[in-house]
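One structure is given below, encoded as C-alpha cells.
So you know, we letter chains A, B, ... as the sequences are listed, proteins then strands, and number each from 1. Quantities reported herein were computed from a predicted structural model and do not represent experimental measurements.
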Amino acid sequence: MDTIITRFPPSPTGYLHVGGARTALFNWLYARHTGGKFVLRIEDTDVQRSTQASADAIFEALEWLGIDWDDGPYFQSRRFPVYEEYIQKIIDSGNAYYCSCSAEKLEAMRAEAAAAGRNPKYDGTCRDKGLSKGENTVVRFKAPFMGTTVIEDVVKGSIVFQNSELDDFIIQRSDGLPIYNLAVVVDDITMGINTVIRGDDHVSNTPKQILLYKALGHPLPTFGHVPMVLGNDRTRLSKRHGATSVTAYRDMGYLPEAMINYLVRLGWSYGDQEFFTREELIEKFSLENIGKSAGVFDMEKLQALNGDHIKAAPPAKLVSSLIPFLKAEGYDIRDTAYIEAVIKTLNIRSKTLKEMAADARFYFEDTVVYEEEAAKKFLKAASLDPLKALIKELESLGEFSEKALEDAFKKVMEQTNLKLGKIAQPVRVALTGKTASPGIFEIIEIIGRERVLSRIRKAMEFIERRKENA
RNA sequence: GUCCCCAUCGUCUAGCCCGGUCCAGGACACCGGCCUUUCACGCCGGCAACAGGGGUUCAAAUCCCCUUGGGGACGCCA
C-alpha cells in the first residue's frame with residue numbers, strides 16, 4: 001500500500017476553532033496511525049480576509065494540541081504560478097473557457113432562479129463563444145450536462161450527484177487568482193495528497209473537484225467527509241454557543257490531552273472506551289469507526305474528561321502547566337517541589353487547572369479569609385479548647401508527617417473527648433477559610449509548622465473578638 | 001426553494017454492514033447509598049433511548065420504502 005498522505009488546509013481568517021481542530025486531528029491521527037505523512041497548508045487565496053496573525057494563531061493552537069506536521073506550512077498565496085499553469089492545461093485540453101459575463105448579470109440570474117425555485121446555475125452564455133483572455137474575463141470549467149458524478153466516501157458510502165445539477169463553475173477570477181476548488185485540487189495533486197478527510201460541509205464541492213481531477217487526468221484521492229460539530233441547539237457551532245477557539249480552552253485550564261481525547265471521541269469511537277492517551281489514539285484510530293451523524297459539543301463532558309486527565313497525569317508533569325495559572329492568581333511560583341506537593345492534594349478534585357490554581361489559594365496566601373458560613377459554623381467558642389490543645393501538641397511534635405499528625409490529633413481527641421470531625425473542621429477553617437479542602441493532615445504537612453500555628457492562633461483571636469462583639 | 005447528508009437515553013456513543021445472544025450496553029449530567037476529618041475520589045444502585053408509519057421475515061434497533069425532524073451546500077469565500 002502507498003504511504004498515506006493527509007493534510008489540514010485551514011484558511012487564515014480567524015483562530016482555530018474546535019471543529020477545525022477535530023478535522024486536523026483526524027488527518028494527523030490517520031497519518032500517524034499508518035506511518036504516513038501529514039501536510040499543513042494555509043489556504044490564503046482570499047487576500048482580503050487572510051491575515052498572518054490568524055495563521056500564527058492556528059500554528060500556536062496546533063502546537064499546543066501536539067499536532068505536528070511533516071511538510072509545510074505551504075501558503076497558497078505563494079503558489080499562484082502553479083495554479084496558472086494548471087488552469088492553462090485545463091483550457092488547452094478544452095475543459096475550460098473564458099467568460100465575460102459581469103458579476104451583476106450573474107447576480108440577476110441567481111435572483112431569477114431563486115424566485116422560480118430552481119437551483120441557481122450559470123446559463124452557459126460564453127461556453128461556446130471561444131472568447132480569449134480579456135480585461136474582465138474569468139475562466140469557467142466546462143461541466144458535463146449528463147451523467148452522474150459519484151463520491152466513494154469512506155465514512156458516508158457512495159454519494160451520487162446528477163451532473164445536471166452542476167454548472168460551469170469559475171476556476172479563475174478576473175483578477176487572475178484561482179478559486180478554492182481549483183487551488184485545492186492542484187495543491188492536493190502536486191503535494192501528493194491521497195487521503196482527504198474534511199468536514200461534510202465540503203461534500204457539495206467534491207463533485208466539482210472530482211471533475212477537475214478527471215480533466216487533469218489524475219487519480220482521485222480517498223475522500224472521507226466527517227459530520228459537523230454542532231452547538232447545544234443543534235445548529236452549526238459558533239461563538240454564541242460559547243468558546244469555540246481551541247486556545248480559549250487552553251486558557252481556561254484544559255489539558256491538550258483531554259482536548260484531543262474529547263474531540264476525537266466526538267464522532268469517532270472505539271467500543272465503549274472513553275479515556276485515551278495520545279499514544280492510544282494513534283494506535284487505535286481508524287477511518288472505519290468515524291460516525292455518520294453530527295455531534296453536539298458538550299462542555300460538561302469535556303470537563304469531566306479533563307478531570308480524568310488531570311487525575312491520570314503524574315503531578316510532576318503538571319507543574320509547568322499549572323504555573324501560568326498560579327502566576328495569574330499572583331502566587332509565588334519559585335518552589336516547584338512545593339507546587340508538586342500542592343498538586344498531589346488537589347489533582348483529584350480539580351476539573352481544570354484554573355480551578356486548581358484558585359483552590360490552591362491557602363497554600364500560597366498567609367492571610368486566610370474566612371467564608372462567612374464556615375466561620376459561623378466552626379469558629380466559635382467551643383472550638384477554643386481543642387485548638388489550644390492542638391497548638392500545644394503541634395509545638396512539641398517532632399516531625400510533621402501524616403502519621404505523627406494523626407497521633408497528635410488523637411491526643412487532642414482524648415484530652416477534649418471530642419470526635420475528630422469536631423476538631424478537624426475548625427482547624428480546616430483556620431487554615432483554609434473554607435469547610436471543604438484536601439485532607440487536614442496533608443495540608444498541615446505542606447503548609448508547615450510555623451504557618452499552621454500562626455493561622456490557628458489567628459483563628460482563636462478571631463473567635464475571641466467575635467465573643468466580645470456578641 | 002433545489003441538491004446532498006443524517007436519525008439509539010438530555011448529550012457523546014456501542015450494537016446496525018453479516019436480522020435472533022438487546023424487554024438495547026458504556027460514558028457525561030442528574031438522583032440515591034456506601035466509604036469518610038470536610039470536599040472530592042472510589043465503589044454500589046437508580047432515572048433515561050431504537051423519531052413515526054408501512055413492508056420483507058418464523059423473527060427487525062438491525063434490511064427496504066414513505067413521512068417527519070434535523071443538518072449542510074447552493075459566491076469572481078474557503
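- Residue-level contact check: A/Glu274 touches the bases, meaning some heavy atom is under 4.0 Å from a base atom.
- Taking for each of A/Arg140 and A/Ile159 the nucleotide of RNA chain B with the nearest heavy atom, the 5'-most of the two is the partner of A/Ile159.
- At the heavy-atom level, A/Val184 lies nowhere under 4.0 Å from the strands shown.
- Side-chain proximity of A/Arg428 to the nucleotides B/G71, B/C12, B/U37 is greatest for B/U37.
- Counting non-hydrogen atoms under 4.0 angstrom, A/His202 reaches a base of the nucleic acid.
- Taking the P atoms as reference points, B/G1 lies 14 Å from B/U67, given to the whole Å.
- Atom CZ of A/Arg234 and atom P of B/C6 are 15 Å apart (whole Å).
- Here the separation of B/C58 from B/A49, taken at their C1' atoms, is 27 Å to the nearest Å.
- Nearest nucleotide to the side chain of A/Arg349, out of B/U13, B/C76, B/U38: B/U38.
- As a whole-Å value, the separation of A/Arg110 CZ from B/G75 C1' is 6 Å.
- As judged by a 4.0 angstrom heavy-atom cut-off over every strand, A/Ser269 is placed among residues touching the sugar-phosphate backbone only.
- In terms of polar N and O atoms assigned as donor or acceptor, the side chain of A/Lys301 comes within less than 3.5 Å of the base of B/A27 in a complementary pairing.
- Nearest-nucleotide assignment on RNA chain B puts the 5′-proximal partner with A/Val155, out of A/Leu302 and A/Val155.
- The P atoms of B/A61 and B/A24 are separated by 11 Å, rounded to the nearest whole Å.
- In this entry B/U68 has B/A7 as its Watson-Crick or G-U wobble partner, both defining distances falling under 3.5 Å.
- Across B/G72, B/A78, B/C76, the shortest atom-to-atom separation from the side chain of A/Asp201 is found for B/G72.
- The residue from A/Asp201, A/Thr206, A/Asp200 that alone fulfils the side-chain hydrogen bond (donor to acceptor under 3.5 Å, both in side chains) condition with A/His225 is A/Thr206.
- Counting only N and O atoms by type, the side chains of A/Gln162 and A/Thr148 include no donor and acceptor under 3.5 Å apart.
- Using a 4.0 Å heavy-atom criterion, one finds that A/Val296 contacts the sugar-phosphate atoms exclusively.
- Atom name P, nucleotides B/G19 and B/C64: the rounded distance is 12 Å, in whole Å.
- Contact annotation: A/Lys311 side-chain N/O to B/G42 OP1/OP2 distance is under 4.0 Å.
- With 3.5 Å as the limit, one finds a donor-acceptor pair spanning the side chains of A/Ser437 and A/Arg428.
- Side chains of A/Arg173 and A/Thr45: a donor-acceptor N/O pair is absent below 3.5 angstrom, by distance only.
- The base of B/C77 sits within donor-acceptor range of the side chain of A/Arg49, with an N or O pair under 3.5 Å.
- Separating the CD1 atom of A/Ile423 from the C1' atom of B/U38 is a distance of 14 Å, rounded to the nearest angstrom.
- Base-pair partner of B/C50: not found among the strands shown (Watson-Crick or G-U wobble, both distances under 3.5 Å).
- Residue A/Ser437 places none of its side-chain N or O atoms closer than 4.0 Å to OP1 or OP2 of B/U38.
- As judged by a 4.0 angstrom heavy-atom cut-off over every strand, A/Pro438 is placed among the base-contacting residues.
- Among the heavy atoms of the strands lying under 4.0 Å from A/Cys101 is at least one base atom, whether or not backbone atoms are also near.
- Pair assignment for B/G1 gives B/C74, based on Watson-Crick or G-U wobble hydrogen-bonding distances that are each under 3.5 Å.
- Across B/A60 and B/C4, the matching P atoms stand 31 Å from one another, rounded to whole Å.
- Comparing B/G71, B/A78, B/A73 by their nearest atom to the side chain of A/Ser11 picks out B/A78.
- B/C43 is paired with B/G33 under the criterion used here, namely a Watson-Crick or G-U wobble arrangement in which both key atom distances are under 3.5 Å.
- In this model, the phosphate group of B/A73 is not approached by any side-chain N or O of A/Arg198 to a distance below 4.0 Å at OP1 or OP2.
- Between A/Lys434 atom NZ and B/A40 atom C1' there is a gap of 12 Å when expressed in whole angstrom units.
- Among the protein residues, A/Thr235 comes within range of the sugar-phosphate backbone only, with heavy atoms under 4.0 Å from sugar or phosphate atoms but none that close to a base.
- Below the 3.5 angstrom threshold, one finds no donor paired with an acceptor across the side chain of A/Asp200 and the base of B/A73.
- On a pure distance criterion of 3.5 Å, a polar donor-acceptor pair joins the side chain of A/Ser174 and the base of B/C76.
- Within the nucleic acid shown, A/Gly199 has no heavy atom closer than 4.0 Å to any nucleic acid atom.
- Residue A/Asn205 is classed as a base contact, given a heavy-atom separation below 4.0 Å to a base.
- Atom P of nucleotide B/U11 and atom CG of A/Leu237 are separated by 16 Å, given to the nearest angstrom.
- Between A/Asn347 atom CG and B/C39 atom P there is a gap of 19 Å when expressed in whole angstrom units.
- Residue A/Thr45 places at least one side-chain N or O under 4.0 Å from the OP1 or OP2 atom of B/A78.
- Looking at A/Ser77 and A/Asp44, their side chains do bring a donor and an acceptor atom within 3.5 Å of each other.
- Using a 4.0 Å heavy-atom distance criterion, A/Phe275 is classed as making no nucleic acid contact.
- You won't find any donor-acceptor pair under 3.5 Å spanning the side chain of A/Arg265 and the base of B/U13, going by distance alone.
- Pairing of B/C23, defined by two Watson-Crick or G-U wobble distances under 3.5 Å, is not identified with any nucleotide.
- Rounded to whole Å, the distance from CD1 on A/Ile443 to P on B/U37 is 15 Å.
- Residue A/Leu420 is in base contact, counting any heavy-atom pair closer than 4.0 Å across all strands shown.
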Original post:
Given A/Lys458 and A/Phe462, is the side-chain contact (heavy atoms from CB on, under 4.5 Å) satisfied, shown in steps?
Top reply: CA-CA 6 Å; A/Lys458 282 209 177 105; A/Phe462 175 86; over 6 Å; no
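- Between A/Ile151 and A/Pro207, the closest heavy-atom pair is CD1-CD, 4.1 Å.
- Side chains of A/Thr125 and A/Lys105: a donor on one and an acceptor on the other come within 3.5 Å.
- Comparing B/C43 with B/G54, their P atoms are spaced 45 Å from each other, to the whole Å.
- Neither side chain, A/Asn261 nor A/Glu257, offers a donor N or O lying under 3.5 Å from an acceptor on the other.
- Closest approach to the A/Ile179 side chain among B/U37, B/C76, B/C12 is made by B/C76 (side chain taken as heavy atoms from C-beta onward).
- Put simply, the side chain of A/Asp272 and the base of B/G25 share a donor and an acceptor less than 3.5 Å apart.
- Spacing between atom CG of A/Leu230 and atom C1' of B/C12 amounts to 13 Å, rounded to whole angstrom units.
- In this structure, A/Asp359 does not pair ionically with A/Arg349, as no charged nitrogen and carboxylate oxygen lie closer than 4.0 Å.
- Using atom C1' as the reference point in both B/U62 and B/U21, the two lie 14 Å apart (nearest Å).
- Using atom C1' as the reference point in both B/C9 and B/G15, the two lie 14 Å apart (nearest Å).
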